2 protein chains.
Amino acid sequence: MYQDELVELFKKHKLKNTNHRHMLYMLLKESKQPISAEEIYRLISVKLDKPINLSTVYRILETFEQKGLVLKSQINLNGKALYEINHMEHRHHLICIKCNKISPIKGCPLGDYEIELEKQTGYKILEHNLEIKGLCPSCQKT
Amino acid sequence: MYQDELVELFKKHKLKNTNHRHMLYMLLKESKQPISAEEIYRLISVKLDKPINLSTVYRILETFEQKGLVLKSQINLNGKALYEINHMEHRHHLICIKCNKISPIKGCPLGDYEIELEKQTGYKILEHNLEIKGLCPSCQKT
DNA sequence: GTAACTGCAAACCTTTTGCAGCTTG
DNA sequence: CAAGCTGCAAAAGGTTTGCAGTTAC
């Protein structure tokens, strides 16, 4: 993703283009797994001379979330919320209980099931979260 | 569940029988949905002359969780953790996004899928969480 | 009698907020 | 220039902890 695409994206969402926002967006975009505000804070800080402020991180995340650019993940790590880019596609995660690695899964096993469930329960189903836990290949060895 | 069954259960887990623990256990046992520590605190307090202490609630919950009697639910309500009795059966929940009502679902749609996923990813799958969100019948009307 | 449970107050940790100053469009 | 970002410090809200006193076994 190039600089101008990002500028364009922000313009579309009526967001001012600031260095912090660009960095935060790219960080999440390139992250292979959901990360916490503190982690974002640390990562951005090392890239800059002067560290970013933690509240700024939270505020940017909140803004992005409201614009639908970022998702606050259902997964919590030791009481810390995790954030990820909204890929605009339905996606689930596989979490290693040992090393906490989080990998996205392709596809979703719940298709017809939701329709069935609506009939059974009378609920109007809108969304779901699925997280699967286990041991990743490398943690199985140890 | 009768008093002596509870005494027996606690004995089995090497837990001392205290009034607070009995009340907390029964409360969760009879609750139709996961509830927060604060809610437990409130509910027990109204049943007693003298209110229970919030930290006691947290400590009992932690103890029960370690013994496998209680599950800390994956579902968070406004940053508050929710707890439920460990029914020892695989169970998922349906959550109304409007009134926050939580209903257990019978059955689980993920059976063969996990086996398939193990083959695909190399993970050893141990557990999963599924929460489905929507509008409950009464909230759909309004 | 001893180990474990409880209440109380304080600490902890993540997240939020008010305000003053600065930057973007 | 106006609107809206940002840093700083303080507050908020849920959860944990140390300690002293009490209770269960």
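Chain identifiers are assigned alphabetically (A, B, ...) following the order of the sequence lines, protein sequences preceding nucleic acid strands; residue numbering begins at 1 within each chain. Here the structure is a predicted model, which means the values were calculated and not measured.
- Residues His92(B) and His128(A) keep their aromatic ring centres 6.0 Å or farther apart.
- Thr63(B) comes within 4.0 angstrom of no nucleic acid atom, judged by non-hydrogen atoms across all strands.
- Not a single donor-acceptor pair, N or O on each side, falls under 3.5 Å between the base of dG4(D) and the side chain of Arg59(A).
- In terms of position along DNA chain D, the nucleotide closest to Tyr58(B) lies nearer the 5' end than the nucleotide closest to the other residue of the pair Tyr58(B) and Thr18(B).
- Among the heavy atoms of the strands, none lies under 4.0 Å from Ser36(A).
- Asn17(A) comes within 4.0 angstrom of the backbone, heavy atoms only, and of no base.
- Between dC8(C) and Asn53(B), a contact under 4.0 Å exists linking OP1 or OP2 to a side-chain N or O.
- Using a 4.5 Å heavy-atom threshold, the side chains of Leu82(A) and Asn76(A) count as separate.
- Here Arg21(A) lies in heavy-atom contact (under 4.0 Å) with sugar-phosphate atoms only.
- Taking the six-membered ring for Trp and the full ring otherwise, the centers of His13(A) and Phe64(A) sit at least 6.0 Å from each other.
- In this structure, the nucleotide among dG7(C), dT6(C), dT15(D) sitting nearest to the side chain of Ile60(B) is dT6(C).
- When each of Leu54(B), Val57(B), Ile52(B), Ile60(B) is checked for a side-chain contact (heavy atoms from CB on, under 4.5 Å) with Ile40(B), only Val57(B) meets the rule.
- The 5' end of DNA chain C is approached more closely, in terms of each residue's nearest nucleotide, by Lys16(B) than by the other of Leu54(B) and Lys16(B).
- Checking Val57(A) against Lys80(B), the closest nucleotide of DNA chain D that is more toward the 5' end is the one next to Val57(A).
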